[in-house]
Undergrad: 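Below is one structure. I have some questions about it.
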Amino acid sequence: MAEQKYWLMKSEPEVFSIDDLAGKPKKTGGWDGVRNYQARNFMKAMKLGDRAFFYHSSCEPPGIAGIVEIARLAYPDPTQFDGKSEYFEPRATKDKPVWFQVDVKLVEKLPRLLSLDELRGMPALSGMVLLKRGSRLSIQPVTPTEWDAILRCFRK
DNA sequence: GCCAACGTTGGC
DNA sequence: GCCAACGTTGGC
């Protein structure tokens, strides 16, 4: 397989949780609503089969809830064309969409949420984007080292 | 192209 | 609900 990359994708569980994804047909859903250029560009760089942590933000406690796989390459986020959506983008046209999304498929919900506190306590993650001061990016790259260190919490 | 004002994110 | 940090907007 082509080189597999790793990512982290944030969602507020009150808006879209890992259980919401689990309840979708084929456990697959579109990751819509991303309205940040850096995050968008990371989604455009995603390849089929890349894996990502599903991170729950703005909740108690925040943390990693599960693992998803990229099931469809970046394509225009339909909510940008919907005048009634909070994600409406007046500058966007069908010919020149501004915002993109990928589809993700649930690989597994982790046996328990790995909290932000626990992540901060792991020396192997000291350089992780998520843990950087002031980091707000909703889509982030994760290094293979970080990925493995996190999985090691579950696969003893 | 600068940068002040404003809006958003997200942990706490 | 607060507010630090960051991104975006818009006047100049």
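To find a chain, count down the sequence lines: A is the first, B the second, and so on, and within it residues start at 1. Everything numeric in this text was worked out from a predicted model, so none of it was measured.
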Undergrad: Looking at DNA chain B, which of residues 78-90 of chain A put a heavy atom within less than 4.0 Å of it?
TA: none
Undergrad: Side-chain donor-acceptor pair under 3.5 Å between E89(A) and W99(A), yes or no?
TA: yes
Undergrad: So does R51(A) pair up with E69(A), basic N to acidic O under 4.0 Å?
TA: yes
Undergrad: Using the rule that Ile, Leu, Val, Met, Phe, Trp and Tyr join whenever any side-chain heavy atoms are under 4.5 Å apart, tell me whether F81(A) and V98(A) fall into a single cluster.
TA: no
Undergrad: Do E108(A) and K27(A) sit within salt-bridge range, that is, some charged N less than 4.0 Å from a carboxylate O?
TA: no
Undergrad: Given the ring of Y75(A), does R72(A) sit roughly above its face, with NZ or CZ under 6.0 Å from the centre of the six-membered ring and within 45° of the axis?
TA: yes
Undergrad: Pick out which of W7(A), Y6(A), W147(A) makes a ring-ring contact (aromatic ring centres under 6.0 Å, His included) with F53(A).
TA: W147(A)
Undergrad: Treat primed atoms plus P, OP1 and OP2 as sugar-phosphate and everything else as base, then score nucleotides 5-12 of chain B 5' to 3': B for base contact with protein heavy atoms under 4.0 Å, S for sugar-phosphate contact only, - for none.
TA: --BBBBSS
Undergrad: So, using salt bridge (Lys or Arg N to Asp or Glu O under 4.0 Å) as the criterion, who are the partners of R35(A) when residues are at least two apart?
TA: D77(A)
